[in-house]
Amino acid sequence: MGSDHRGKQKILASLPSVDELLKAREGHKWLSDHPRRIVVESIREIIELTRKEIISGRSTKVDMDGIVCAIEGRIAERSSFSLRPVINATGIVIHTNLGRSGLSEKALANVLAVSRGYSNLEYDIAAGARGKRHVHTTGLLRELTGAEDAFIVNNNAAAVLLCLRSLAFGREVVVSRSELVEIGGSFRLPDVMAAGGAILREVGTTNKTHLHDYERVLGPETAVILKVHRSNFRITGFTEEVGIEGLVELGAKMQIPIMYDLGSGCILDLKPFGISGEPTVREIVAAGADVVTFSGDKLLGGPQGGVIVGKSQLIEKIRKDPLARAVRVDKMTIAAFEAVLMEYMDPDAAIGSLPTLGLLLQKPEEIRRKAARIASSLRKLPADASIAVVSDVSMAGGGSLPETPFHTFAVAIRPGHISVNELEQRLRKGRPSVIGRIKNDALLLDARTVRPGEIRALVSAAAAALAARG
Ligand SMILES: *Cc1c(COP(=O)(O)O)cnc(C)c1O
C-alpha cells in the first residue's frame with residue numbers, strides 16, 4: 001500500500017506543469033493559433049484528468065504523446081463554433097432544425113459584399129438623404145407576386161403578429177375552426193392572435209365551415225377575416241371550406257380586409273413538376289386577398305424572413321406600427337432576399353441555383369446515382385457492415401406540401417460490430433455531423449438532401465464511425 005502510494009507520487013511528480021507545456025514547442029504553436037485562455041484551460045483540464053487517472057490506478061505512467069494529443073483535441077473542441085454546418089441525410093429538404101433553406105451562391109456573395117462594410121441600407125443615394133430599408137426588396141416582390149406593396153420582417157410568425165396588431169388590435173379576427181393551426185409548437189394561431197391584441201372569433205367546425213358561418217359573425221367589431229394555409233396537415237373526408245374567392249367577395253361586400261397566412265409562400269408554380277397543394281403567392285394576390293404573409297426560408301428558398309404583400313394602404317399601416325421596428329430585418333437578410341428574389345426573375349435558372357428548389361425537384365434517377373456513389377465508397381471501407389441502396393419516401397418538411405410524398409433513395413447501413421443506434425450516434429457526433437434516420441434496424445442516409453460536394457466528407461465521417469470500436 002505504502003509503496004503503491006509512493007509509486008503514484010513519483011508518477012504524479014513527473015506530470016508536466018501548465019507552464020512547462022506552454023513553453024514547449026507545441027505550446028508555442030497552440031498559442032500562435034488560438035486564444036491564450038482556451039489553450040491554458042485545455043492544458044489544465046487534461047493535466048487534471050491525467051492526474052485523476054494516475055491516482056485511481058487506471059494509468060501507470062505519464063504518456064507525453066497522449067497528453068499532447070488530448071490537449072490538441074480539447075483545444076480544437078473548445079475553439080470550434082457551436083453553430084456549424086452539418087450534413088443533412090434525413091431527406092427532409094425544408095428541415096427547420098437543420099436551418100431550412102441553404103442560400104444560393106449569388107445570395108451568399110451579396111451578403112458578403114453588403115455586410116463587410118457600409119451600404120445604402122437606409123440611404124437614398126439619388127436624393128442624398130435618409131432612405132428606407134424596405135425599398136430594396138419592394139420592387140421585386142411587386143413584380144413577382146403582382147401585389148401593390150410589400151414589407152419584409154424577421155419571420156412569418158412576426159409577419160402574422162405584426163399584421164394582426166396593426167390591423168386588428170382590440171378588435172375581432174374571424175377564423176375558421178379548421179384553420180386554427182399549430183406550427184412547430186411555438187406558433188399557435190390563438191396565441192399569436194392574443195399576443196397581437198386581437199380577439200379571436202372562431203367560426204364553423206373542425207371539418208366544415210360555410211360562407212354563412214362567416215356572414216353570421218361579421219359586424220362593426222370585425223377587423224379582419226383571416227385564412228390560414230393548412231401547411232402541415234390536411235383535413236379529408238366530409239369537409240368544406242370557403243375558398244379565397246368566396247372570402248374576397250364577402251370581404252368586399254362588408255368592407256373587411258382579407259388576410260391570408262400562406263405559410264410557405266411559393267413563387268414558382270410547381271404543378272408542372274407534378275407538385276400540387278401549394279398555391280402561388282401570385283394566385284392568392286390575384287384572387288383579391290388584401291394582405292398575404294409567408295416565410296422566406298420555406299419553399300421560397302431564401303433567408304429567414306416573413307414577407308408581407310398586399311394593398312398599399314394596408315401595408316403602409318403595417319409599416320407604421322411601432323412593432324415593425326422590433327421585428328425589422330438586418331442588412332444581411334435584405335442582401336440575401338434581394339439576390340434570391342432576383343433569381344426568380346428567371347424561373348428556369350432559379351431551379352438550378354436555389355438549393356431548396358433544386359433538392360425538391362431532383363429526378364429520382366439523380367438521387368439514385370448519388371446513393372449508389374455513397375454506397376460504393378462505403379463498401380470499399382474495411383468495415384463489417386452491410387450496405388444497400390433502398391428506395392424510400394421523404395417529405396418536403398417545414399410545414400410544406402404535407403401530402404406530397406417525394407420518392408427518394410437512401411443508403412441503408414447495418415453495422416456488424418456495433419448497434420445501429422450506436423452508429424447513428426457516432427455519425428451525429430462526428431465531424432462533420434451526419435444526420436440520418438433509423439428505419440427497420442438500419443441507418444438510412446437519404447441521398448436527396450446530400451449535395452454532391454458533401455459525399456466525400458460523408459464517407460470519411462462514416463469511415464470513422466464504422467471503424468471506431470465500441
Ligand atoms: C411556417 C408557418 C408559419 C411560421 O413561419 P416562420 O417563418 O417559421 O415564422 C406561420 N404560418 C404558417 C401557416 C406556416 O406554415
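Just so you know, ligand 1 is whichever comes first in the structure, and atom 1 is the first atom listed for that ligand. Atoms considered below: every heavy atom in the structure, side chains included; atoms not considered: hydrogens, waters and symmetry mates. Every value quoted in this text rests on a predicted model; they were computed, and no experiment measured them.
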Heteroatom proximity flag, G305 to ligand 1, N/O under 3.5 Å: no
Lys/Arg-Asp/Glu bridge criterion (N-O < 4.0 Å) met for D269, K271: yes
Residue pairs involving residues 212-227 (criterion side chain to side chain donor-acceptor pair (under 3.5 Å); sequence neighbours excluded): E179-K227, D213-R216, K227-E241
Salt bridge present between R426 and E422 (N-O < 4.0 angstrom): yes
Nearest-neighbour protein heavy atom for atom 2 (C) of ligand 1, which is reported as residue plus atom name and distance: K298 NZ, 2.5 Å
Under-4.0 Å salt bridge between E45 and R78: yes
Nearest non-hydrogen protein atom, atom 15 (O) of ligand 1: S231 OG, 2.5 Å
Check ion pair R74-E77 (N to O, under 4.0 angstrom): yes
Min heavy-atom dist R100 to ligand 1 below 4.0 Å: yes
Ligand 1 N/O within reach of D297 N/O, cut-off under 3.5 Å: no
Nearest protein heavy atom with distance in Å, relative to atom 9 (O) of ligand 1: A157 N, 2.9 Å
Heavy-atom nearest neighbour in the protein, as seen from atom 10 (C) of ligand 1, with distance rounded to 0.1 Å: N156 ND2, 3.2 Å
Any N/O pair S295/ligand 1 closer than 3.5 Å: yes
Atoms of ligand 1 close to H229 [distance to a heavy atom under 4.0 angstrom, numbered from 1]: 13 (C)
Trace of the side chain to side chain donor-acceptor pair (under 3.5 Å) decision for S264 with E278: CA-CA 8 Å; S264 215; E278 287 291 333; 4.6 Å; no
Any R230 heavy atom less than 4.0 Å to ligand 1: no
Quick one: side chains of residues 289-296, donor-acceptor pairs under 3.5 Å with protein atoms, not counting sequence neighbours, listed by atom name and distance.
{"residue": "D290", "atom": "OD1", "partner": "K311", "partner atom": "NZ", "Å": "3.0"}
{"residue": "D290", "atom": "OD2", "partner": "I258", "partner atom": "N", "Å": "2.7"}
{"residue": "T293", "atom": "OG1", "partner": "N156", "partner atom": "OD1", "Å": "3.3"}
{"residue": "T293", "atom": "OG1", "partner": "D261", "partner atom": "OD1", "Å": "3.2"}

Proximity flag D261 to ligand 1, non-hydrogen atoms under 4.0 Å: yes
CZ (R451) with more than 12 external heavy atoms under 6.0 Å: no
Protein contact of atom 12 (C) of ligand 1 - nearest heavy atom, named by residue and atom, plus distance: I183 CD1, 3.1 Å
